[in-house]
Amino acid sequence: MKKSILTVTIVIVLLLAFVGCSGENKDSVVLNVLNYGEYIDMDLLDEFENTYDVKINYEIYPTPEDMYTKVKSGATNFDLIISSDYMIERLINEGWVEELDYDNIPNYQYIDEDFKKTAYDPEGKYTVPYFWGTLGILYDTTKVQGTPTSWDLLWDDNYSGQILMMDSQRDSLGAALKKLGYSLNTTNESELEEAKQLLIQQKPLVLAYVVDEVRDMMIGGEAAVALLWSGEAVAAMGENENLAYYVPEEGSNVWVDAMFIPNTTTNKKEAEMFINFLTDKDNTLRNIDYVWYSTVHTEAINEVEEFLFDNPGFNPSDDILDRTEMFRDLGDSLQLYYRIWTEVLAN
Amino acid sequence: MNKKQKFFAFPYVLWMFIFIVLPIVLVFLYSITTKEVNNIKTINFTLNNYKLFFDPLYIGVTIRSINLALVSTIFCLVLGYPIAYIISKIHSKHRNTVLLLFILPMWMNMLLRTYAWMTILGNNGIINNFLNMLGLPSLRLLYNNSAIIIGMVYNFLPFMVLPIYTALSKMDQHLVEASHDLGADNRTTFLKVILPLSLPGVISGIIMVFMPAVSSFVIPRLLGGNRSLYIGTLIENLFLVTGDWNFGSAVAIMMMLIILVSMSILNRFDVDKEGGGSSLW
Amino acid sequence: MVKRNLHKIYMGLIFVFLYAPILVLVTYSFNDSTSRGTWGGFTLKWYIDLFNDRDIKTALYYTVIVAVLAATIATFIGTISAIGLYNFNKTPKAIMVNINYLPVVNPDIVTGLSLMILYLSTNMRLGFLSMLLSHITFDIPFVILAVMPKLKSLNKHLTEAALDLGATPLYALRKVVIPEIMPGIITGFLIAFTLSIDDFVISFFTTGSGVTNLSIVIYSMARRGVKPTINALSTLMLTVVLILLFLINKRSALVEGQKNNGGH
């Protein structure tokens, strides 16, 4: 018994020593980066480290809300964060974001002008866009007749028990609001009540309110119709040719994920260098190859693989974009949305 | 029983105060205020958060969660007790191995295992494909209460089995023999000797299963398809999505109270006058 | 004889239930497709990818270190404290035990966030230490929960006998009490280790500075689909533990054999 304790202790100490000693460079700058999971080609991190003698501490997070809670607590010291439009807007409004020195980011010139001054960063002072997409409907052509074009498909009782909605109040409420012809950012209580009733009506038809697993479920043929983001839809279509995606004619949501530097940074210049590195055309192409989400890079878009370029999910036309709007941070009105959504789920 | 040895616990009592009591006081403070607690100037006491909790909507959520947790705990107990008993009867050479094999699945990430259950239970999943092969119709096994219960039992079974096994393992066999010698049959021996002696373990097991089951978040969300609101998902949403830490804290405190009360009811069954695991009431 | 077979069948069914999802994970670690919805053919590429994946390697390192350290420290503190608490008078004991239960009773998110605020108010930088302390905090109550029942069913006469025979209380503790409650201690350690390996929420909110663990990585991948490399890792970990178990079994069988042969 004593001998085995000794052996175990020695093993542990050796383990600690071995792994602890690998890659400890005290002299170089350390960049703390926070991103969504599976949202970057990890080789790019290695390359940046080798080119610029900067070490990257890379952390990932599940949802923007988790990120917000952590950053707002003030307990973190991230240098660069990649996150979603409405959450970035909230952080900018609350004073957590540094203004960028775009002279350090020459590759910014290649970003599509449409994405430079956005609802969340109206003067283009704080962010550099990363990936973007739309919210729409993914459906299984072997299960659904014809070519649907409307939000109505999600309320079609021919597909009862085969409809997947999102466990995301903005997205699901957004679908209902758009079907009724209202704005996704409305704070008008009667409009929201209508949307709520619509969602409660839909409930018996819904298989589940999911976020993770939608892609796998559609690929596996578990459902006929799903509310989904374009990036995920494109990935799903890559694995199952029977799937198709469209942005409903009544209008929908367009979203942008962007990079920003929180004001807890201690290495702003290196962070800007990294942003510039990621916005380089070839690096962007490598990233697209890994992530498969739509790009904001004017040069990279011309060199993506043909099947991506031709995919309307990846590369929507302008008239589709004209009928989309971005989510805005609702501030205190978020409570209203939350109450409505809770009532939908609790019913 | 050595009175001097109670000093052993003093370091931990200090630890508990810093790492358990203080944070809970913080949570309680949040529950009786609006907005943040750190700025003394803007503190604003209120009982609104607790009033809101008693809204029928949220009471419904609470009751639903407690029911689900109760059912899962009962299943764990019914399935788990025989397992603990059987393992305790295995020759000691193999016993630890079987025990470890039993726990091993728990060392795989819970999210992954829950995803795997979705693959197994889905409409196009493993079980249904198998049934279809035999010509039987598909069963709706996922996104309902049964799926959640399967997930809970799967996840919490070891927590029920281990304490019961611990209690049974070093049970004095002479007592069992004496019972047989005095003419009791197996059933009576079990009910009158074995079961009462293993009761502390059973109670530990029930606590270790029921508590996390009530506040469970991942399993109802993934396996239940989020079709209903449970207290775990409610609290998670309140703290993260809405950012309403005040109401979230109130819900958390209420849940704590409910559980502590049910624990005191449970401890009425603790025949041991020592009351080692009992609560205050 | 029938009883013995019934036992075996029951345990067999239970093990099928327990290992079914594990088998699914193992199978998909060889799936030449990133989706769990289809089977794309057999491949070993995820295992190869594993060795180059910096994210996962860092996470694995921290996961194992924190779990082992936290479980060990928690078992040590927990066992001693359980013995101490057992000797308390009835009312203080009840209060202390109830407080001890609180991390068990509280949802992870509440424990995690409240600890985060605690560290914040003491200006502690979030990192390895804060995560370790948090793990120890939620591990100890489970150790105590596991050890207490054993203490209660302890045969007091043995301790008294030891004392009567001239043993000091400490000696009696070491040689009589501890061996008697050893199953509880081991159970406590196993439970603590299991909890620490799997924890996401508390770890996420109490860590920083690049310190992460497998659960955080896996949960963060959920949105875009968990990489099959993770399945490969899980399969490898499973295999390692199974091999260890096999070796330990072989060794104790050998020892048993020696004991029987090299006897008196």
Side-chain angles (χ1 to χ4, degrees), chain B residues 1-9 12-13 16 19-24 26-27 82-83 86 93 97 100 103-113 116-117 119-120 162-163 166-167 169-170 197 200-201 204 208 211 215 232 235-236 239 252 256 259-260 272 274-280, chain C residues 7 10-11 14 18-22 24-25 36 77 80-81 83-88 90 94-100 102-107 109-110 113-115 117-118 137 145-146 148-150 152-153 156 169 183-184 187 190-191 194 197-198 214-215 218-219 222 234 241 245 249 256:
Chain B
M1 182 79 144
N2 187 336
K3 285 306 173 185
K4 279 218 201 101
Q5 284 176 353
K6 67 180 177 185
F7 291 105
F8 285 175
Y12 181 54
V13 171
M16 280 202 290
F19 288 96
I20 300 180
V21 175
L22 228 52
I24 298 277
L26 219 74
V27 172
I83 300 176
I86 295 176
K93 188 167 66 177
T97 314
L100 274 170
I103 300 194
L104 196 56
M106 300 283 292
W107 292 351
M108 315 241 106
N109 184 271
M110 197 220 338
L111 195 63
L112 290 181
R113 285 178 288 140
W117 272 111
T119 312
I120 297 177
L162 283 175
T166 309
S169 63
K170 284 266 177 108
L197 283 176
S204 268
M208 279 206 246
M211 312 310 165
S215 57
I235 291 182
E236 186 91 11
F239 273 103
M256 257 194 278
I259 291 178
L260 286 175
D272 186 346
E274 289 283 342
S278 65
S279 73
L280 191 55
Chain C
H7 284 189
Y10 184 68
M11 287 305 278
I14 292 287
L18 283 179
Y19 279 88
I22 309 290
V24 170
L25 285 176
R36 236 183 322 269
I77 300 182
I80 296 189
S81 308
I83 296 176
L85 280 177
Y86 180 63
N87 286 309
F88 271 30
K90 183 151 188 236
I95 300 179
M96 288 304 142
V97 169
N98 272 347
I99 296 182
N100 176 59
L102 287 176
V104 183
V105 165
N106 251 337
I109 182 96
V110 177
L113 287 177
S114 54
L115 281 174
I117 301 180
L118 182 72
T137 304
L145 261 176
M148 276 297 223
K150 284 306 291 174
K152 288 204 291 187
S153 51
K156 293 186 216 52
T187 302
L190 286 176
I191 295 181
T194 310
I197 273 222
D198 219 7
L214 279 179
S215 277
I218 293 173
Y219 275 72
S234 305
V241 180
L245 271 181
N249 238 8
E256 285 280 317

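Per chain, numbering begins at 1; letters A, B, ... match sequence-line order.
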Does the side chain of B/Leu104 come within less than 4.5 Å of C/Tyr19's, by heavy atoms?
yes

Greatest number of heavy atom pairs closer than 4.5 Å to chain B - which of C/Val24, C/Leu115, C/Leu85, C/Thr137
C/Thr137

Can you tell me how far the NE2 atom of C/His7 sits from the CD1 atom of B/Ile86, to the nearest 0.5 Å?
4.5 Å

Distance col, row B/Thr166:OG1 vs C/Leu190:CG, nearest 0.5 angstrom, shows 9.5 Å

What closest approach, in Å, do B/Leu111 and C/Ala222 show between heavy atoms, and which atom pair accounts for it?
CD2-CB, 4.1 Å

Per-residue contact mode, C/Ile80 against chain B (heavy atom under 4.5 angstrom):
both

Under 4.5 Å heavy-atom distance to chain B, tell me which part of C/Ile197 shows up: side chain, backbone, both or neither.
side chain

Quick one: which of B/Met208, B/Met108, B/Met211, B/Glu236 has the most heavy-atom pairs under 4.5 Å with chain C, could you say?
B/Met108

If every non-hydrogen atom of B/Tyr12 is compared with every non-hydrogen atom of C/Asn100, which pair is closest and at what distance?
OH-OD1, 2.7 Å

Tell me, for B/Ile24 versus chain C, whether the close heavy atoms (under 4.5 Å) come from the side chain, the backbone, both or neither.
side chain

Less than 4.5 Å to any heavy atom of chain B: does that hold for the side chain of C/Ile99, its backbone, both, or neither?
both

I need the residue from C/Leu145, C/Leu18, C/Thr187 with the largest number of non-hydrogen atom pairs under 4.5 Å to chain B.
C/Leu18

Over all atoms of both residues, closest heavy-atom pair of C/Pro21 and B/Arg113:
CB-O, 4.0 Å

Heavy-atom pairs under 4.5 Å with chain B - which of C/Leu214, C/Ile77, C/Val104, C/Ile22 has more of them than the others?
C/Ile22

For chain B, find which of C/Leu102, C/Val241, C/Ile218, C/Ile83 contributes the most heavy-atom pairs closer than 4.5 angstrom.
C/Ile218

Heavy-atom nearest pair, C/Asp198 first then B/Met110, reads OD1-N, 3.0 Å

Indicate yes or no: at least one non-hydrogen side-chain atom of B/Asn109 is less than 4.5 angstrom from one of C/Tyr219.
yes

Non-hydrogen side-chain atoms of B/Leu26 and C/Leu118 separated by less than 4.5 Å
no

Taking all non-hydrogen atoms of both residues, which atom of B/Ala9 and which atom of C/Ser81 are closest, and how far apart?
CB-O, 3.6 Å

So, the part of B/Leu112 with a heavy atom under 4.5 Å from chain C: the answer is both

Against chain C, label B/Ile103 side chain, backbone, both or neither, depending on which of its atoms sit under 4.5 Å from a heavy atom there.
side chain

CG of C/Leu245 to CG of B/Leu100: how many Å apart, nearest 0.5 Å?
5.0 Å

Please walk me through it: do B/Phe7 and C/Asn87 pass side-chain contact (heavy atoms from CB on, under 4.5 Å)?
CA-CA 9 Å; B/Phe7 291 105; C/Asn87 286 309; over 6 Å; no

Looking at C/Pro107 and B/Ile235, what are the two nearest heavy atoms and their distance?
CG-CD1, 3.7 Å

Is any side-chain heavy atom of C/Val110 closer than 4.5 Å to one of B/Met256?
no

